[in-house]
Visitor: 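The structure under discussion is supplied below as structure tokens; questions concerning it will follow.
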Amino acid sequence: MSVQEMKPVKEGKVREIYDNGDSLIMVATDRISCFDVILHNKVDKKGAVLTQMSKFWFDMTKDILPNHMISVDVADMPEFFRQPQFDGNSMLCRKLNMLPIECIVRGYITGSGWASYQKTGEVCGIKLPEGLRESDKLPEPIYTPSTKAEIGDHDENISFEQSVDYLEKRFPGKGLEYAEKLRDYTIALYKKCAEYARSRGIIIADTKFEFGLDEEGNIVLGDEMLTPDSSRFWPAEGYEPGHGQPSFDKQFARDWLKANPDNDWTLPQDIVEKTIRIYLEGYEKLTGKPL
């Protein structure tokens, strides 16, 4: 295969996936999506932050379960990837049969969870204590899975029981086993990483994981892990419940878009630069080293 010929087999909102025979190469681009729309701006270095942060967490959690990462060194990839635009933001991964559930865990009440709690006292059918304030820490992290939607559609929140049925339909005889493992792994990963992040001055309010099956049918952690695109990171300094918190992610870009409805999905350059700074600061705080 000549160097020019590699084309992504799948393009997500911000990721491109290349088929490398018995493995995949996942490239995190510098695209940014908000409200399920890809913005016209590129956020420089964002892809590298996402890839290197996933690598950091994959390394930290391999005692809990295996993950799909093989290497982030382009020297281990086909020659096509030894170009500047792939350096730092590409990950060589094992191929998995991905399970069709987004495994969401919430340690704090915020976002859609807070909206739901105000209406019903519940989040995704889970009854929570009375009297919680916005951004309060929950007594225990809660697992609130959702189904994975195609691009352009919205994911749908489901209960744990529904996740059993949903998996059972696709993997007969395995629904309960897989649903329980996904829940238990999700909570275990969150607890370990949230505790570490707190020691580095960052609160992980919530996050989502994705898992797949390897050839032997073992559950393996896939996709990305604990990045600002898949999580809400808050600075621990200045954290106070009762209102929304500032965050190390694209919330900043989302807020600007909401405040400027005629935005044409384009951010001003100063908002792009602030977004980059927030991503880099989050990375440095967590890993203890600059990108």
Side-chain angles (χ1 to χ4, degrees), residues 12 14-18 20 22-30 45-77 81-82 86-96 98-99 102-105 107 141 181-216 218-234 236 248-249 278-291:
V14 297
R15 273 190 179 63
E16 293 169 353
I17 298 179
Y18 294 80
N20 188 42
D22 57 357
S23 57
L24 292 173
I25 293 160
M26 285 178 67
V27 178
T29 68
D30 290 340
K45 294 201 181 69
K46 175 176 172 274
V49 170
L50 298 186
T51 298
Q52 299 302 323
M53 206 174 255
S54 287
K55 175 189 188 301
F56 175 78
W57 294 116
F58 283 148
D59 285 338
M60 185 189 287
T61 55
K62 52 183 190 274
D63 60 326
I64 296 177
L65 85 161
N67 59 66
H68 70 164
M69 176 175 71
I70 299 169
S71 174
V72 294
D73 184 347
V74 290
D76 297 330
M77 302 176 203
F81 293 93
R82 292 168 219 165
F86 296 114
D87 197 10
N89 62 344
S90 305
M91 184 178 285
L92 182 66
C93 305
R94 290 198 277 161
K95 282 187 173 173
L96 301 175
M98 295 305 286
L99 295 168
E102 300 225 316
C103 298
I104 298 163
V105 53
K181 280 186 173 162
L182 292 185
R183 177 195 62 202
D184 295 349
Y185 281 143
T186 296
I187 300 272
L189 289 166
Y190 174 77
K191 282 186 163 170
K192 176 169 186 168
C193 297
E195 188 182 330
Y196 168 81
R198 199 76 171 81
S199 76
R200 307 285 314 176
I202 288 185
I203 291 169
I204 302 173
D206 52 38
T207 191
K208 67 166 187 192
F209 301 116
E210 293 190 36
F211 300 88
L213 302 170
D214 67 10
E215 269 107 56
E216 286 80 58
N218 303 309
I219 292 184
V220 175
L221 181 56
D223 200 52
E224 62 182 322
M225 181 177 185
L226 284 162
T227 68
D229 268 19
S230 64
S231 324
R232 274 194 186 89
F233 293 141
W234 297 337
F248 289 105
D249 57 29
I278 287 168
Y279 273 71
L280 289 170
E281 189 188 339
Y283 177 83
E284 287 180 23
K285 258 182 140 57
L286 281 169
T287 62
K289 56 181 201 280
L291 186 68

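All values below were derived from every heavy atom in this structure, side-chain atoms included, with hydrogens, water molecules and symmetry-related copies excluded.
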Visitor: Below 30° counts as parallel, above 60° as perpendicular, anything between as tilted: where do the rings of Phe81 and Tyr18 land?
Guide: perpendicular
Visitor: Do Arg198 and Ile203 come within less than 4.5 Å of each other through their side chains, counting heavy atoms only?
Guide: yes
Visitor: Check whether any side-chain N or O of Ser199 sits under 3.5 Å from a backbone N or O of Tyr196 as a donor-acceptor pair, and report yes or no.
Guide: yes
Visitor: May I have the step-by-step check of side-chain contact (heavy atoms from CB on, under 4.5 Å) for Thr61 and Cys193, ending in yes or no?
Guide: CA-CA 8 Å; Thr61 55; Cys193 297; 3.5 Å; yes
Visitor: What's the verdict on side-chain contact (heavy atoms from CB on, under 4.5 Å) for Val105 and Ile187, showing C-alpha distance, side-chain angles and the deciding distance?
Guide: CA-CA 7 Å; Val105 53; Ile187 300 272; 4.2 Å; yes
Visitor: When you measure from the side chain of Thr51 to the backbone of Asn89, do you find a donor-acceptor pair of N or O atoms at a distance under 3.5 Å?
Guide: yes
Visitor: Sequence neighbours excluded, which residues qualify as side chain to side chain contact (heavy atoms under 4.5 Å, CB included) partners of Met98?
Guide: Leu96, Glu210
Visitor: To the nearest 0.5 Å, what is the distance between CZ (Phe233) and CD1 (Ile278)?
Guide: 13.0 Å
Visitor: Does the distance from a Lys or Arg side-chain N to an Asp or Glu carboxylate O, for Asp206 and Arg232, drop under 4.0 Å?
Guide: yes
Visitor: Whether Asp214 and Lys95 form a salt bridge (side-chain N of Lys/Arg under 4.0 Å from carboxylate O of Asp/Glu) is what I want to check.
Guide: no
Visitor: Kindly say whether Lys46 contributes a backbone atom to a donor-acceptor pair with the side chain of Asp30 at under 3.5 angstrom?
Guide: yes
Visitor: With a 4.5 Å cut-off on side-chain heavy atoms, are Leu226 and Met53 touching?
Guide: no
Visitor: Mind checking whether Val72 and Leu92 have side chains closer than 4.5 Å, heavy atoms only?
Guide: no
Visitor: Hey, does Ile17 have a side-chain heavy atom less than 4.5 Å from the side chain of Ile25?
Guide: no
Visitor: Taking all heavy atoms of Leu291 and all of Ala48, pick out the closest pair and write down the distance.
Guide: CD2-CB, 4.0 Å
Visitor: When rounded to the nearest 0.5 angstrom, what is the spacing between CG in Leu221 and CE in Met69?
Guide: 10.0 Å
Visitor: Before giving the answer on side-chain contact (heavy atoms from CB on, under 4.5 Å), spell out for Lys62 and Asn67 the whole-Å C-alpha distance, their side-chain angles and the decisive distance to 0.1 Å.
Guide: CA-CA 7 Å; Lys62 52 183 190 274; Asn67 59 66; 4.2 Å; yes
Visitor: Report yes if the side chains of Phe211 and Tyr185 come closer than 4.5 Å at any heavy-atom pair, otherwise no.
Guide: yes
Visitor: Judged by atom type as modelled, is there a donor-acceptor pair below 3.5 Å linking the side chain of Tyr279 to the main-chain atoms of Gly47?
Guide: no
Visitor: If you measure only the distance, is there a donor-acceptor pair under 3.5 Å linking the side chains of Ser230 and Thr227?
Guide: yes
Visitor: Do the side chains of Met77 and Arg82 get nearer than 4.5 Å, heavy atoms only?
Guide: no
Visitor: Where do Asp249 and Pro228 come nearest, in terms of heavy atoms and distance?
Guide: CB-O, 3.3 Å
Visitor: Any side-chain heavy atom of Val220 within less than 4.5 Å of one from Leu65?
Guide: no
Visitor: Using only atom types and a distance under 3.5 Å, with no angle test, would you say the side chain of Thr29 pairs donor to acceptor with the backbone of Val14?
Guide: yes
Visitor: Say you draw a straight line from CD1 of Ile104 to OG of Ser231; how long is it, rounded to the nearest 0.5 Å?
Guide: 11.0 Å
Visitor: Measuring from Leu50:CG to Tyr283:OH, what's the distance to the nearest 0.5 Å?
Guide: 11.5 Å
Visitor: Under a 4.0 Å N-O cut-off, is there an ion pair linking Arg94 with Asp22?
Guide: no
Visitor: For Val27 and Arg15, run side-chain contact (heavy atoms from CB on, under 4.5 Å): C-alpha distance rounded to whole Å, both residues' side-chain angles, the deciding distance at 0.1 Å, then the answer.
Guide: CA-CA 6 Å; Val27 178; Arg15 273 190 179 63; over 6 Å; no
Visitor: If I compare all heavy atoms of Tyr190 with all of Ala205, which pair ends up nearest, and what's the gap?
Guide: OH-O, 3.8 Å
Visitor: Identify the two heavy atoms, one from Gly282 and one from Ile202, that lie closest to each other, and give their separation to 0.1 Å.
Guide: O-CD1, 3.8 Å
Visitor: Locate the shortest heavy-atom distance separating Cys93 from Ser23; write the atom from each residue and the value.
Guide: O-CB, 3.2 Å
Visitor: Looking at CG of Leu286 and CD of Glu281, how far apart are the two atoms once the value is rounded to the nearest 0.5 Å?
Guide: 10.5 Å
Visitor: If every non-hydrogen atom of Ala75 is compared with every non-hydrogen atom of Asp73, which pair is closest and at what distance?
Guide: N-OD1, 2.9 Å
Visitor: With side chains defined as the heavy atoms from C-beta onward, is the minimum distance between Met225 and Leu189 less than 4.5 Å?
Guide: yes
Visitor: Listed by chain and number, what are the salt bridge (Lys or Arg N to Asp or Glu O under 4.0 Å) partners of Lys285, not counting sequence neighbours?
Guide: none
Visitor: Report the distance from atom CD of Glu224 to atom NZ of Lys208, rounding to the nearest 0.5 Å.
Guide: 6.0 Å
